[in-house]
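Every heavy atom of this structure was used, including side-chain atoms; hydrogens, water molecules and symmetry mates were not. Read the numbers this way: they start at 1 and go in the same order the structure lists the ligands and their atoms.
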Amino acid sequence: MSHYPHLLAPLDLGFTTLKNRVLMGSMHTGLEETGDWNRVAEFYATRARGGVALMVTGGMAPNPEGGFLPGAAGLYTDTDIANHRIVTDRVHDAGGKIAMQILHAGRYAYGPKCVAPSAIKSPISPFPPQELGEDGIEKQINDIVTAATRARAAGYDGVEVMGSEGYFINQFLVTHTNKRTDRWGGSYENRMRLPVEIMRRVRAAVGADFIVIYRLSMIDLIPNGSTWEEVVQLAKAMEAAGASILNTGIGWHEARIPTIATSVPRRAFAWVTRKLMGEVSIPIITSNRINTPDVAEQVLAEGCADMVSMARPFLADPDFVAKAAAGKSAEIAPCIACNQACLDHTFSGKLSSCLVNPRACHETELRVAPATTRKTIAVIGAGPAGLSAALTAAERGHDVTLFDKSDRIGGQLNLAKQVPGKEEFWGLVDYYDTMVAKTGITLALGKVATPDDLAGFDEIIIATGVLPRDPGIPGQDGPNVVSYIDVLRGDVQVGEKVAIIGAGGIGFDVAEFLVTEHSPTDHLPDWLQEWGVGDPADVRGGLRTEGPQPDAPVRQVTLLQRKAEKLGKRLGKTTGWIHRAGLQMKNVQMIGGVNYDRIDAQGLHVSHGADRSDPKVIAADTIVLCAGQLPERSLADQLIAAGRTVHIIGGADVAAELDAKRAIDQGTRLAAAL
Ligand code: NAP
Ligand code: SF4
């Protein structure tokens, strides 16, 4: 019997059957905008082959004014239909099903022609929207219906009407953004007229045998959001208007509560979907921070939903469902919810990929084919760069030996996993352990590799990582100064008052580590309280009236940098604000534009500007150095001096702003080419 009886059970929709309960949720990857439809098709077909029951495409604009980003893909013309046909045919050949998401961004559309129920600018867009008149609303509805009929003509199995996340339809539903006094505003009946009209007309246009999903915002997480009563009323109206399935939307994009970041507990919002179960008779999908088959199975077994939506986990591993079905869950590359290569790319106008799987969205270009000649390959350093190189080389049939001076694999991932809110890194290291064992890589751990050890290898890959940079501050060799490595390893006692030198990713992580006693990521009620999330049945939009209520910080921490800019400015585009808000809630002082003058028993002496004005002492029992990294290349230098050819990757190659994304990408690409 399957380990996942609920997850792998088929779902009969009457006119068609989904082969299991897994939906690949919509993701905007940027692939469609490349114009390379073969590449788009391969992305989806790869995931169809991996066993997912139904996929939803990235949001397709029904018209130019509704496009989320300039040049956003849509389905406007017959040529577009032909392009989308390439995708749907390839997915069907692979045994999959695919629905197209229709996304009208309303006031979130990044352009001067954006439209909305009322002319209220969104806090996340520079463009004030134009208020729609009656004709304008009719046009938007017609364009959405036309997009649905074109989707059918293009061979899709269905559409998802995007009604959540604060987009156009959602903007009509709440008084926060809808101040209208005509038949589209005022009472809830009026405010929900738009989604009801859209659903009714879409269903009439596409016929009965076509999947129509409505993504319903079940907890808006904004002021004056929907009440639970309104959510239920809308759900029933959507069923009556012809929806086949309801999907869960959590939070508006402008909400100041994280909803999918790695620090959000797993399945953090399944309880919201569960409240709707029994209110309608069509299937309901739950979503957000579900990233393993076990969590998905549990959510279904507990009756929180009829299906689960996972999106990013299918970037990390397209074979998620097939591996779960084959009893190989430990071999699923886990999505760690970092957003670094997916959403951060999207919001920087770059093609998405995945930190743990650089092949995501690069299926046609980054191929891992069996090697023509089997080589012996030494990889020195079992951090993310070395691991990805070793695994890719082994997968291709090479004979790989992986050295590390530590007695375990993982490198700096073992530090990251100690940070509250980064618990997902445990699963990533576990995955690497599984795969190293499976691929038969020879491990040489607890061993400092020497040039002699590497004499007989055909290829040598140096992935020796980084060394902490010496900031050269007078007094830094005192007993009150420690490195971030000592702190995160728990090797040193840290005092009550702490100054952190350096506010990059590691400085922020160390601050989080030092102010937090118990990670709320491990305990949902604590996390909901920390961020002020309540039951939408008690408070509109699920925002507690008392606001965020974090635990008191366990230390008094000051985070410093020399640059005069806002601290954390260079953190991840979609997650930096969460790290900043988290530390602010814990009263961490953030000071930029300092000179580090000296350290003594009093603490850290700083001043400002070239004239070293405004000198002061940051009183601290412990000063933690997080001043960035330099490449560790001593072995590489020895080998090169001895005339050996080496490949240098990861932090050993370029340490500046090193992160696991670049390390894994570089390791994979090198090994794919050897
Ligand atoms: P970083 O992002 O390069 O930040 C280094 C910090 O040190 C900056 O705040 C910089 O600010 C300061 N600094 C640089 N030179 C200095 C000097 N000579 N004296 C004093 N301060 C100096 O590096 P990081 O924080 O070490 O993070 C490295 C990368 O790892 C990041 O890209 C991050 O995404 C990733 N990361 C890794 C982990 C992990 O556990 N391994 C955790 C989180 C993030 P000023 O120059 O303005 O002073
Ligand atoms: Fe998940 Fe990070 Fe990959 Fe995005 S980049 S899919 S969040 S692991």
Side-chain angles (χ1 to χ4, degrees), residues 27 29 260-262 264 289 291 310-318 320 333-346 352-361 383-384 410-419 421-422 424-425 427-428 431 465-473 476 483-485 487-489 500-513 559-572 574-576 579 590-596 604 606 623-630 650-651 654-665:
M27 286 179 282
T29 60
I260 58 166
T262 190
V264 177
R289 288 293 283 117
N291 66 341
M310 292 177 269
R312 297 171 298 170
F314 286 99
L315 293 179
D317 198 328
F320 185 105
C335 165
I336 56 170
C338 64
N339 286 357
Q340 279 178 250
C342 52
L343 278 168
D344 284 351
H345 278 207
T346 302
S352 286
S353 186
C354 174
L355 178 140
V356 302
N357 174 24
R359 297 203 62 226
C361 301
Q412 297 238 341
L413 299 177
N414 290 312
L415 294 181
K417 71 190 190 186
Q418 304 300 335
V419 177
K422 292 204 165 176
E424 288 293 349
F425 280 88
L428 183 56
Y431 161 74
V466 292
L467 292 169
R469 178 188 282 125
D470 175 0
I473 303 168
Q476 69 177 24
S483 108
Y484 73 88
I485 298 173
V487 172
L488 293 176
R489 279 197 190 138
I500 298 176
I501 291 177
I506 292 180
F508 268 77
D509 277 359
V510 167
E512 190 73 55
F513 179 82
L559 184 58
L560 302 111
Q561 72 180 19
R562 298 172 307 170
K563 287 186 283 293
E565 68 190 28
K566 182 170 81 174
L567 273 75
K569 191 175 169 214
R570 295 157 201 245
L571 297 176
T574 61
T575 53
H579 294 297
M590 301 191 195
I591 308 178
V594 297
N595 307 308
Y596 302 116
L604 173 64
V606 298
I623 290 126
V624 188
L625 300 180
C626 304
Q629 333 283 339
L630 296 173
V654 179
E657 308 214 336
L658 167 73
D659 63 39
K661 180 182 79 174
R662 177 157 58 78
I664 293 171
D665 186 71

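Here is the list of ligand 1 atoms found below 4.0 Å of a heavy atom in Gly628: 5 (C), 7 (O), 23 (O), 26 (O). The Gln412 neighbourhood of ligand 1 comprises atoms 39 (C), 41 (N), with distances under 4.0 Å to a heavy atom of that residue. Near Asp509, with a cut-off below 4.0 Å to any heavy atom, the atoms of ligand 1 are 42 (C), 43 (C).
Annotation: Gln629 places an N or O atom under 3.5 Å from an N or O atom of ligand 1; distance criterion only. Between Asp659 and ligand 1, no pair of N/O atoms sits closer than 3.5 Å. Polar contact check, Gln561 against ligand 1: no nitrogen or oxygen pair lies under 3.5 Å apart. On a distance-only criterion, Leu488 and ligand 1 share no N/O pair closer than 3.5 Å. The N/O atoms of Ala503, backbone and side chain alike, include one that comes under 3.5 Å of an N/O atom in ligand 1. Between Leu415 and ligand 1, a contact under 3.5 Å exists for no N or O pair.
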Tell me, with the steps shown, if Asn414 and Arg489 meet side-chain hydrogen bond (donor to acceptor under 3.5 Å, both in side chains).
-> CA-CA 9 Å; Asn414 290 312; Arg489 279 197 190 138; over 6 Å; no
Which is it for Leu415 and Phe425 under the side chain to side chain contact (heavy atoms under 4.5 Å, CB included) test, yes or no, and what are the steps along the way?
-> CA-CA 9 Å; Leu415 294 181; Phe425 280 88; over 6 Å; no
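Using a 4.5 Å heavy-atom cutoff, the side chains of Thr346 and Ser352 are in contact. Taking the side chain as every heavy atom from C-beta outward, Asp470 and Gln476 approach each other to under 4.5 Å. In this structure, Gln412 and Val466 have side chains that are in contact, with non-hydrogen atoms separated by less than 4.5 Å. In this structure the side chain of Asp665 never reaches within 4.5 angstrom of the side chain of Arg662, judged on heavy atoms. Residues Cys338 and Thr575 are not in side-chain contact: their nearest non-hydrogen atoms beyond the backbone lie 4.5 Å or more apart. Looking at heavy atoms from C-beta onward, Cys342 lies out of side-chain contact with Met27 at the 4.5 angstrom threshold. Within the 4.5 Å cutoff, no side-chain heavy atoms of Ile500 are placed close to those of Tyr484.
The backbone and the side chain of Ile506 each have at least one atom closer than 4.0 Å to an atom of ligand 1 (non-hydrogen atoms only). Only backbone heavy atoms of Cys626 (N, CA, C or O) come within less than 4.0 Å of ligand 1; its side chain stays farther off. Only the side chain of Lys422 comes within 4.0 Å of ligand 1, counting heavy atoms alone; its backbone N, CA, C and O stay farther away.
Taking the six-membered ring where the residue is Trp, Phe314 and Phe320 present tilted rings, their angle falling between 30° and 60°.
Around atom 1 (Fe) of ligand 2, protein N, O or S atoms at a distance under 2.8 Å total 1; waters are neither shown nor counted.
Among residues two or more places apart in sequence or in another chain, the side-chain contact (heavy atoms from CB on, under 4.5 Å) test is passed with Arg469 by Leu630. Residues that satisfy the salt bridge (Lys or Arg N to Asp or Glu O under 4.0 Å) test with Arg289, not counting sequence neighbours, are Glu424. With sequence neighbours excluded, no residue forms a side chain to side chain donor-acceptor pair (under 3.5 Å) with Asn357.
The closest non-hydrogen atom to atom 16 (C) of ligand 1, taken over Lys563, His579, Arg562, comes from Arg562. With atom 21 (N) of ligand 1 as the reference point, the heavy atom nearest to it among Ala627, Gly465, Pro471, Cys338 is part of Ala627.
Residue contacts with ligand 1 leave out Phe508, since none of its heavy atoms falls under 4.0 Å from the ligand. The shell of residues lying under 4.0 angstrom from ligand 1, judged by heavy atoms, excludes Arg570.
Side-chain atoms of Ser483 do not come within 3.5 Å of backbone N or O of Leu625 as any donor-acceptor pair.
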